[in-house]
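Structure first, commentary second.
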Amino acid sequence: MSKKILLIDGNSLAFRAFYAMYQQLDRMVTPEGLHTNALVAFNNFLESIVLPMQPDMALVAWDARSGKETFRGDLYDDYKAGRDKAPSEFKEQFPYLREMVEAHGLHNYEQIGLEADDIIGTLSRVGEKAGDQVIIITGDQDLTQLVTDSVTVKLTKKGVTQVEVYTPDFIMEKFGITPAQIIDKKALTGDTSDNYPGVTKVGEKTALKLLKEYHDLDNLYAHVPDMKASKMKENLINDKASAYRAQKLATIITDAKLEIGLSDLVYREPEEKGLVTLFEKLHFKQALSKLRAHSLLDEDFAEAAEDSEKKQGNFAAVKELNEAALTQLAKEKSLAFHIDTTGDNYHQADMIAYAIGNDQVGYYASRDLTLLGSETFKRIIESQEIALRLFNAKAHWVLLHRLGLNLAGVDFDFLLVAYLLDTVGNDNVLSTLAGRFGRYLASNEEIYGKGAKFAIPEDETVVLEHVGHKAQTIFDLRDQAFADLDEHEQGHLYHDIELPLSFVLAKMEAQGFTVNEDRLSKMGQEMEEQIASLKDEIFQMAGEEFNINSTKQLGTLLFEKMGLPVIKKTKTGYSTAVEVLEKLAPQAPIVEHILAYRQLAKLKSTYVDGLLAVVDPADHKVHTRFLQTLTQTGRLSSVDPNLQNIPMRTEAGRKIRHAFVPSHDDWLIFGADYSQIELRVLASITGDPAMEHAFVEDEDIHAETARKVFGLADDAPIDADQRRTAKAVNFGIVYGISDFGLSKNLNIARKDAKSFIETYFQEFPKIHQWMAAIKEKAHQDGYVETIEHRRRYLPDINAKNFNTRSFAERTAMNSPIQGSAADIIKIAMIKVNQAIEERGLQAKMLVQVHDELVFECPKEELEQLRETVTTVMDQAVKLAIPLKVESHAGPTWYEAK
DNA sequence: ACTCATAAC
DNA sequence: CAACGGTTATGAGTA
């Protein structure tokens, strides 16, 4: 009986595995500090590729310790030189790979003097002679030279779970040559990764052409003298020695003396005990729970194999959508829907293709946008009866809104759920997030390219399959993702906060904020004049012209030519940051000018020119996008433009706000903000009586803190400096205090800062206790939570490096505070939106700035809106401490704060 | 693509 | 002993 022999190129696959999950490197670390990304990917490979194959014999071959010990090292000194050293994050995973291979029932083998290739080459010939079927899995194209009718090579393409199958026919079709000629192809081209040259200027194309004409290297050189004079001929003659050396280096040994034979390679079933031990050591939660489930149900391996095959993308055929299919789809209870666009900015991006379907009726895709205008499609999108599954509901709401449709009935937003489950390493990309659930599909980058290379593939079926697979992935992942959500107790956070909020945000974005472009341009002109005259003065004082925007040139002037003292350095040179320049200002009058120039240049470029560039000429509005699934704490962020960092602190900057106006005459801008929300949250979750008292009595919290840390009477007067110090201490507490940080911020001695903190903790003991407890929880669980169970994992919390660990500890203290404040304003936004609708107000919510909401409304609605908004914000959540809301209104955003 | 500087809360 | 407050986005310069 013919046997199935599996030979695996361990080194090349391990490398592939490491880089396939390189983006996840920082996420995948055990509490002991061991990186596991390559191990996770390699395990996926063993489970999803090897297990379903059920081979009779299986071996993972490894390179001997150093290439120099092989004959190739003797033959060519630079063999594999110049190869990037494997990073330590990779090396540390290596020992576990062998253990993993063993536990999965395969054998490991390496032999001094041989590379993995040679072991595989030799065994493949042995197997072939015995009449067996040999399958080689590798990431190295060299091995394809071994292909015969009974030896196939599976070459990994992207990552380690997608392979291309090389047979003699396939090679002929792809290259037009036979497997044996692969060696001579390499002889001519050389190998950059192994660092040996072939013939100068001969690449793959030329090599294939020559081989088709002359068949092999010997025959080619026999005919070189007959070739007509050319640069190539010269190169062939000059590099003849190099070509023959490359030929030797590229030839895989097929007759090495091995200490093992086929009979030593019998494949055993995976060993459950060994796997459990290993997975526990590596903290593979998913793999462990899968293993447990399987052993509990006593599933046989055929079923396990089927399961893992499904996981890595056994996609259903994607069908072309038409009216008839749409009618069929409209009868379904739940459907996945997905649109691909030409860019991230869904306010203006074009739709490329879309897909819709479920596991019952299958998946349909189309590029025909007219179908989206049909009544049937409208029913599907707008009906509450059809539960929709999407990836990024907010983006889809806006895209559909542009078509005049009102998205409703959303059940599952995979992006939101994935973000709530784990914020770390979330790149907002479907393919990556699906990978976390063991589902693999092509990334947009693979299909469309990125940056300047972005292009829609000519072959329409590629695009249709891509969106179709996305829809299927989204559909399939719903139950698992919701189960995880439940396990985290995050059902409420998703269903009652984030999902409803996404539609509130969509509306705000689509509404847009009107910009008075004339006003903004005029400000820009004035700034330009001031910038020009500052520039003149600076050049005159410096005695030369230079680029003031260049920190490098500025550094040279200040610290070398003028000889000012270096106060701080950056990685690349002298620091010229504000705090540095402020210290230098008394010593050199030019510095004041530079500071003024800097401020104006920033305002002009970012807020005048930058803003004008993104105003939509059709409606004179800016339509920001609020990123709901980006920050580690649960806050929103805002891009294109960022409306959350419009200047406020300096008068010159604040004037920019004059350009933000209502969209109608006789309307106003109204702003409402939470006062001291983070300190109130802190007081509430720690239950500190002293702080609670201050807030319940609505006292000046910074003054009150000053009395405490300076040991003054309850009614003692506080001077400005004392208050400023106390305010800095309060801020420090919220950010996860350190004495050094506070000393730097207040410009005081470290021991004074330390004593402030100690006194603070004596006066607010519950805060001290909470800080210690939250750090302890983080060390125990690896994550912290907000009042609404928003979770933040802290992969570095047990790091050996003090800095890294300290940073994680401060984060552990800050995130529950910042995140709970984010929870509160999000709840308020949903309730405010609802209240505005219920009361039939015309007012529109436009922007959220972390503790502030901005609206536009008709003048006559102002007081009603003020009452509505402040009450709803006040009452958004039930805390032990009252919340306080302040509000302002006026003709522009300038007056509304 | 990265670093630096600076805008906000 | 060391390093040193949290969360972001954007523009300009440099590589």
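Just so it is clear, the values below take in all heavy atoms, side chains as well, and ignore hydrogens, waters and symmetry mates. Sequence lines set the chain letters: A, B, ... in the order given, protein chains first and strands last, and positions in each chain run from 1. What you see is a predicted model, and the numbers here were worked out from it, not measured in a lab.
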Identify whether NZ of Lys or CZ of Arg in A:R750 sits under 6.0 Å from the centre of the six-membered ring of A:F740 and within 45° of that ring's axis. no

Considering every strand and a 4.0 Å limit on heavy-atom distances, what is the contact class for A:A728: base, sugar-phosphate, or nothing? base

Taking only side-chain nitrogens and oxygens of A:R750, does any of them come within less than 4.0 Å of OP1 or OP2 of C:dC4? no

Nearest to side-chain heavy atoms of A:N803, which nucleotide of C:dA3, B:dC9, C:dA15: C:dA3

Could you list the protein-to-nucleotides 8-11 of chain C atom pairs, N/O on both sides, closer than 3.5 Å?
unit_1 : atom_1 : unit_2 : atom_2 : d
C:dT8  : OP1    : A:Q632 : N      : 2.8
C:dA9  : OP1    : A:S637 : OG     : 2.7
C:dA9  : O4'    : A:N642 : ND2    : 2.7
C:dT10 : OP1    : A:D640 : N      : 2.9
C:dT10 : O2     : A:K602 : NZ     : 3.3

Minimum side-chain heavy-atom gap A:E529-A:S533 below 4.5 Å: no

Distance in angstrom units between A:I817 CD1 and C:dG5 P, rounded: 16 Å

Have a look at A:I646 and say if it touches a base, only the backbone sugar-phosphate, or nothing, with a 4.0 Å heavy-atom cut-off. sugar-phosphate

For a quick check under 3.5 Å, do A:E809 and A:H779 share a side-chain donor-acceptor pair by atom type? yes

Given atom CG of A:L679 and atom P of C:dG5, what is their separation to the nearest angstrom? 18 Å

With a cut-off of less than 4.0 Å, is there a side-chain N or O of A:K552 near OP1 or OP2 of C:dA15? yes

Atom pair distance, as rounded to whole Å: CG in A:N549 and P in B:dT6: 11 Å

Categorize A:S575 for me: base, sugar-phosphate, or nothing, with a 4.0 angstrom heavy-atom threshold over every strand shown. sugar-phosphate

Round to the nearest Å and state the distance from A:E579 atom CD to B:dC4 atom P. 13 Å

Give the rounded distance in Å between these two atoms: CG of A:L853 and P of B:dC9. 14 Å

Ranking C:dG5, C:dG13, B:dA5 by distance to the side chain of A:K744, first place goes to C:dG5

Given the P atoms of B:dA7 and C:dA2, what is the spacing between them in whole Å? 33 Å

Would you check if A:Y735 stacks with the base of C:dG6, given a 5.5 Å centroid limit and a 30° plane limit, both strict? yes

Rounded to the Å, how far apart are A:I567 CD1 and B:dA5 C1'? 16 Å

So what does A:Q553 hit on the nucleic acid, given a heavy-atom distance under 4.0 Å: a base, only sugar-phosphate, or nothing? sugar-phosphate

Indicate, with yes or no, if the rings of A:F710 and A:F756 have centres closer together than 6.0 Å. yes

Within this structure, what is the NZ-to-P distance between A:K655 and B:dA7, rounded to whole angstrom? 15 Å

Nearest listed nucleotide, side chain of A:K571, among C:dT14, B:dT3, B:dA5: B:dT3

Check whether any side-chain nitrogen or oxygen of A:R635 sits under 4.0 Å from OP1 or OP2 of C:dT7, and answer yes or no. no

Using a cut-off of 4.0 Å on non-hydrogen atoms, how would the nucleic acid contact of A:Q599 be classed: base, sugar-phosphate, or nothing? sugar-phosphate

Candidate nucleotides B:dA8, C:dG6, B:dC9, ranked by approach to the side chain of A:H850 - the nearest: B:dC9

For A:Q818 and A:F740, take the nucleotide of DNA chain C holding the closest heavy atom to each; which residue's nucleotide lies nearer the 5' end? A:F740

Does a sphere of radius 6.0 Å around NZ in A:K621 hold more than 12 heavy atoms from other residues, nucleotides or ligands, not counting ones at 6.0 Å or beyond? yes

Taking only the side-chain heavy atoms of A:T570 (C-beta and beyond), determine which of B:dA7, B:dA5, C:dG6 contains the nearest atom. B:dA5

A:R654 to A:Y894 six-membered ring, cation-pi geometry met (6.0 Å, 45°): yes

Give A:N547 one of three labels, base, sugar-phosphate or nothing, depending on what nucleic acid heavy atoms sit under 4.0 Å from its own. sugar-phosphate

Using only atom types and a distance under 3.5 Å, with no angle test, would you say the side chain of A:R598 pairs donor to acceptor with the backbone of A:H593? no

Under the 3.5 angstrom rule, does the side chain of A:S755 hit a backbone N or O of A:D752 as a donor-acceptor pair? yes

How is A:S815 classified with respect to the nucleic acid when contacts are heavy atoms under 4.0 Å: base, sugar-phosphate, or nothing? nothing

For A:F546, does the six-membered ring have the charged nitrogen or CZ of A:K552 within the cation-pi criterion, i.e. under 6.0 angstrom from the centroid and within 45° of the normal? no

Separation of C:dG6 atom P from A:D796 atom CG, nearest Å, is 13 Å

Examine B:dA5: is either OP1 or OP2 under 4.0 Å from a nitrogen or oxygen in the side chain of A:R598? Give yes or no. no

